[in-house]
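What follows is a short report on a single structure.
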Amino acid sequence: MLQHFDPNKDYGTPARVSENLVTLNIDGVEVTVPEGTSVLRALLKRTSTFLNCVPAITWKHSALAVSAQWKLKVAAAPCFLYHTCRKRHVCYYAEQQAGETAPQHHGAVHLRSPAGLSDLSSNGNCELQDVAGAVGLREVRYGFEGNNHLDAKKDESNPYFTFDPSKCIVCSRCVRACEEVQGTFALTIDGRGFDSKVAAGQDDGFLASDCVSCGACVQACPTSTLMENSVIERGQPEHSVVTTCAYCGVGCAFKAEMKGNEVIRMVPFKDGEANRGHSCVKGRFAFGYATHDDRVTEPMIRDSIDQPWKKVSWEEAFSFAAGRIKDIQAKYGRESVGGITSSRCTNEETYLVQKLIRAAFGNNNTDTCARVCHSPTGYGLKTTLGESAGTQTFDSVMKADMVMVIGANPTAAHPVFGSRLKRRVREGCGLIIADPRTTELVKSPHIIADHHLKLRPGTNVAFINAMAHVVITEGLEDKEFIANRCDNTAYNKWREFISEERHAPEQTEDITGIPAAEIRSAARLFAAAPNAAIFYGLGVTEHSQGSSMVMGIANLALATGNIGREGVGVNPLRGQNNVQGSCDMGSFPHELPGYQHVADDAIRGRFEASWGVTLDNEPGLRIPNMFNSAIDGTFRGMYCQGEDIAQSDPNTNHVDQALRSLDCLIVQDIFLNETAKYAHVFLPGASFLEKDGTFTNAERRINRVRQVMPPLSGMADWEVTMALSNALGYEMNYSHPSEIMDEIATLAPTFKGVSYDRLEELGSIQWPCNDAAPEGTPTMHIENFPIGLGNFAITEYVATEERSTRKFPLLLTTGRILSQYNVGAQTRRTPNQAWHDEDVLDLHISDAEMRGISDGDWVGISSRAGDTVMRARITDKVQPGVVYTTFHHPGSGANVVTTDNSDWATNCPEYKVTAVQVVKVNSPSSWQQNYQNFDDQQQDFLKQGRESVSQ
Amino acid sequence: MVKVYIPRDTTALAMGAERLAAEMAVEAKNRGADIEIVRNSSRGMFWLEPLVEVETANGRVAYGPVEAKDIDSLFDADFVNGGLSHPLCQGLTEEIPYLKKQQRLTFARAGITDPVSLEDYQAHDGFKGLKKHWKCPVRPSLMKLKTPACVAVVVLPSLPASSGRLYTMRLHRVMLRRNTSFVTPTKVTPVPSLTVWSWKLTHSC
Amino acid sequence: MTAFNEQSRQQVCDIVEEMKDLPGAMLPILHAIQDAQGYIHADAVSIIADGLAQSRAEVHGVITFYHHFRTTPPGKHTIQVCRAEACQSMGSRQLEAHVKEKLGIGFHQTSADQQVSLEPVYCLGNCACAPSIQVNDDVVGRVTPSKFDQLVDQLSTQALEVK
């Protein structure tokens with residue numbers, strides 16, 4: 001049910017969906033709202049501004065649900081809303097008179113404010129002030145003497161906002177926002193009566209508390225008590241642009257509030273269909289990197305990587321790059337160059353890069369970072385369900401009765417979705433977590449998972465097979481769904497396979513480490529739930545059996561009939577803002593935009609006709625193939641847009657060797673990232689604030705990215721790609737990204753109905769969007785699958801070669817944390833560093849004691865690929881035998897340790913399992929020393945380049 | 001043996017009833033007076049606390065407020081036999097106007113019975129309601145869930161054995177919901193007519 | 001200030017473990033901890049929060065809401081002076097001033113020798129014999145300055161009787 005409302009208005013409580021409607025008579029005007037709607041929300045529908053209506057300072061009252069008797073109360077009875085507080089005693093008494101007269105506000109407003117309302121000044125950003133003005137409150141009845149809280153100390157511990165308790169009216173909105181919206185429960189009211197105050201944690205300040213800095217409290221505050229530091233420093237914003245966040249795959253809509261060309265603050269957009277007005281610390285606050293001094297805004301070139309950079313004009317950069325590429329191709333052949341598209345850039349930009357590679361380079365050597373994260377999702381879901389994407393919307397989780405989260409940590413990596421999931425769990429939804437680590441979802445305030453299946457890293461497939469075995473052998477499958485919706489030949493084959501005794505939990509117990517009884521209980525719970533949904537992350541895909549696991553998950557969902565309606569489904573939580581889009585846009589070597597295989601002559605023919613070139617019918621090189629060929633000397637040139645393969649890809653030593661072998665590396669990025677240190681051409685990129693285009697999030701939702709400020713370099717990324725293509729001799733001619741989207745719509749069937757006009761009209765569109773679904777497809781596979789019937793795949797468990805040995809007895813698994821993002825290029829350049837300024841190695845106390853390691857010691861981590869050094873943190877969040885770290889800081893070298901083991905189907909690296917040994921050390925590893933020297937040298941080259949005079 | 005009542009409620013204690021009772025017992029022993037001190041609850045006349053009452057053939061005679069220093073003079077004035085000459089003597093308790101005017105319902109027994117004597121309690125209509133309850137064709141109900149570690153159940157001997165089993169099953173369900181299980185009950189018999197089963201509970205995960 | 005040692009930690013863990021399944025377990029747990037340790041140490045909060053699957057902030061909010069709960073160790077003896085209506089009408093303000101002077105501390109403070117903590121209280125239910133104070137677990141009625149002095153002298157005498 002689409003309900004239109006003004007997203008700029010604060011309705012206090014979320015919209016309700018109900019078939020029962022309640023009609024209210026407000027001042028003689030009939031208003032109809034769904035049952036359960038708050039009184040406040042109902043009233044706001046009647047009036048243009050709440051100031052004409054009932055003051056809305058307290059949520060306590062606004063959260064009252066409308067039921068039939070409210071018809072009377074709101075219409076006839078005087079409506080009281082009053083709020084008492086300690087230093088300002090504000091009583092509102094607004095009387096609603098029924099019948100013919102307009103509402104009248106009686107000035108029975110008492111104010112006991114030593115400061116006076118004028119002092120609450122946050123220049124038009126204070127609801128209290130607005131309300132006081134609206135009801136004509138001018139005098140300070142109780143004078144300025146007496147007890148007050150004016151000397152209350154400000155809390156400035158959070159790097160992004162200030163808490164000034166002297167302005168607080170203790171309305172509890174922030175406390176409720178933290179509890180109900182974010183689900184962290186970091187705030188409370190300390191004390192009682194006049195002494196009561198808002199406190200974070202145990203009144204130890206925001207930074208030391210459990211606060212995750214999501215900003216919900218700041219947004220909810222009706223006074224200027226909780227205020228963004230940027231607003232305090234630079235004043236109220238003047239205008240705003242709605243755009244899409246460029247961090248994770250949730251794709252939150254934000255209102256970028258501006259003063260001139262400067263972003264003052266990012267406020268989550270209430271109409272955002274992915275985030276529903278919520279945000280996390282990254283999207284809400286960590287945007288300062290866009291104007292960081294490290295931004296490189298002028299093109300630079302150099303002959304070899306041991307030379308300083310030279311600043312050049314755009315034209316010179318293009319002709320230099322094109323010349324080098326052409327020389328390489330002339331000397332080593334058409335196949336000797338390739339490129340990597342970005343999951344951080346827009347669909348349009350990604351589309352152009354792969355088009356440049358296919359049309360201008362004349363080969364299919366294109367790949368994208370999805371290779372190292374969700375390529376198994378694409379393969380696995382395409383095989384079983386027929387489409388390479390998640391099946392649901394995020395909203396769908398609010399209808400789930402049971403959620404199984406496998407190998408994902410949404411509260412850290414997809415925080416806005418994590419909050420939504422937690423809210424659903426607090427409403428009573430069951431929760432099963434399959435993760436080697438104890439994540440926040442296992443146990444946190446008001447969340448206790450029904451089961452935490454603590455499996456050993458690398459044993460996913462054995463685990464999912466055991467789940468399916470219980471479902472099938474205990475007769476818990478959805479027979480009707482299987483008979484009607486699935487391919488019965490495939491099902492019977494799979495059924496026979498999965499029923500074999502070797503998949504029984506009792507048999508796999510020794511492999512997975514999960515007690516058989518626990519698997520049985522979890523499988524029964526999952527199968528019994530009316531709506532059971534699976535959400536999974538990189539803990540599923542980044543394994544040697546990543547694709548098998550994805551298929552295993554799809555098998556389980558099919559067998560239990562949990563596909564094709566709201567509240568169920570198979571939902572990959574995608575890592576980057578546009579990783580779904582970069583896959584959709586044909587970044588993979590074997591697929592043209594819209595997942596259409598290059599070998600299909602008819603499809604290729606359409607592209608050839610549109611692009612005016614002949615396309616190669618053979619799939620090109622994948623990223624690992626490119627590295628191997630580079631080392632072999634057959635691959636010599638690369639165009640890399642917005643990705644940091646040198647830091648993010650596994651086995652850093654191998655990547656280093658490959659990149660050094662290239663004759664021409666063209667890097668387009670906003671910073672001189674790790675990869676750019678190996679580059680010959682540097683093309684300045686544009687941050688998301690400078691972009692115009694679309695991102696596609698994990699729920700296939702195409703969101704508009706609107707330009708907030710002009711590109712610092714003067715050129716948008718799509719213009720740069722276009723100019724490079726033109727320099728290479730392949731003509732591209734677009735005047736606006738919308739023209740690129742129009743071209744995509746003609747070539748990719750699932751995008752047929754997408755255009756910028758439609759996006760403006762609908763807000764966002766979930767593909768497939770075509771004649772059959774002109775407004776997009778929120779839930780997929782409702783009636784049938786793109787491949788007709790659901791396909792069960794045989795998922796044989798094969799142990800990874802990466803296993804613990806005497807030499808490397810521990811298993812290292814890697815992941816992310818909340819405040820940093822991926823390689824950290826952005827977040828390391830923001831005050832988010834306050835929460836995580838170095839990567840640490842988490843290990844269990846028993847493993848630490850055995851090695852004489854104490855908390856905070858330097859430890860060396862070595863695998864067969866390499867070794868590095870970082871600080872140890874002793875925790876019970878990992879199980880004995882497993883160690884964990886993050887890869888947000890290049891100097892920590894987490895990927896020096898990871899190996900180039902990879903998924904059998906897609907080459908997705910096995911980041912999640914590396915056999916390692918950990919020992920106490922007292923100096924950095926030799927890799928780290930070399931890295932430091934290389935980094936110093938390259939920073940010096942950059943400095944020389946910046947100081948050089950453009951020729 | 002003469003019964004002497006000294007209250008043990010908050011106000012009496014706040015006014016020194018504890019020390020008074022102790023010293024009075026010592027003094028009685030010294031003087032060879034045969035008294036039994038009963039610690040009752042207050043009669044509700046707090047301004048007279050501690051209100052010492054002595055049982056006589058005519059009813060209870062009250063003295064108050066009594067402090068420890070008054071003990072000697074009370075014995076001297078023969079309070080043990082209800083001597084009326086002592087300045088603190090208030091006459092017969094029931095005749096004190098404040099009390100006489102009252103019709104007591106909920107507090108009818110307050111201050112009259114010995115609170116720790118079940119016999120005394122039953123002599124004053126105690127357990128009347130409970131006995132009525134057991135006569136009804138109603139299954140035993142959970143009498144008390146006092147601490148998380150203990151649950152006590154009162155079972156009348158007249159009940160058929162099957163009701164005990166039924167009862168156990170019901171209790172078991174309650175305990176399961178609370179994530180607890182119970183071990184063998186211990187049998188306590190405070191009153192001959194009643195059997196109290198007490199279960200020690202253990203938490204199970 | 002006494003440290004929150006391993007023994008106290010274990011005691012808190014045991015209390016939480018024993019009572020966490022009670023309906024509305026927070027208050028019984030807080031009472032049990034205060035009864036056992038005299039106050040609720042800041043480090044106990046995270047144990048309680050963890051046991052009840054609530055946040056530190058929520059536990060902190062409850063502790064600070066009730067004046068009964070202490071977050072610092074009390075003196076050997078706690079004296080509460082009633083400040084409610086009946087006692088005030090019977091001269092508790094004068095008594096209060098005397099008490100503060102005699103002990104040399106204000107409300108919510110503990111004497112330098114750690115012997116006595118002074119707390120205000122609002123009605124001890126002993127209005128008929130006002131003004132009232134409570135010394136540790138005992139309520140005392142009709143307190144006059146001289147009766148108070150006597151009580152304090154008794155306390156300090158007891159304190160000297162080291163067992």
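A, B, ... follow the sequence lines: proteins, then strands. Residue 1 opens every chain.
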Donor-acceptor table for chain C and chain A, threshold 3.5 Å:
from    : atom 1 : to       : atom 2 : distance (Å)
C:Ala42 : O      : A:Gln202 : NE2    : 3.0
C:Asp50 : O      : A:Lys443 : NZ     : 2.4
C:Ala53 : O      : A:His446 : N      : 2.6
C:Ser55 : OG     : A:Phe185 : O      : 2.4
C:Arg56 : NH1    : A:Gln202 : OE1    : 2.9
C:Arg56 : NH1    : A:Asp204 : OD2    : 3.1
C:Arg56 : NH2    : A:Ala208 : O      : 3.2
C:Ala57 : O      : A:Thr188 : OG1    : 3.3
C:Glu58 : OE1    : A:His446 : NE2    : 2.9
C:Glu58 : OE2    : A:His446 : NE2    : 2.8
C:His60 : NE2    : A:Asp190 : OD2    : 2.6
C:Thr64 : OG1    : A:Gly191 : N      : 2.8
C:Phe65 : O      : A:Arg192 : NE     : 2.7
C:Phe65 : O      : A:Arg192 : NH2    : 3.2

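- Taking all atoms of both residues into account, the shortest heavy-atom contact from A:Phe185 to C:Ala57 is O-CB, 3.5 Å.
- When the ring-ring contact (aromatic ring centres under 6.0 Å, His included) test is applied to A:Phe526, no partner is found at least two apart in sequence or on another chain.
- Listed by chain and residue number, C:Cys87, C:Met90 satisfy the side-chain contact (heavy atoms from CB on, under 4.5 Å) test with C:Ala130 (two or more places apart in sequence, or in another chain).
- Interface remark: A:Leu187 contributes backbone atoms only to the contact with chain C (heavy atom separation under 4.5 Å).
- Residues that satisfy the side-chain contact (heavy atoms from CB on, under 4.5 Å) test with C:Ala128, not counting sequence neighbours, are B:Phe46.
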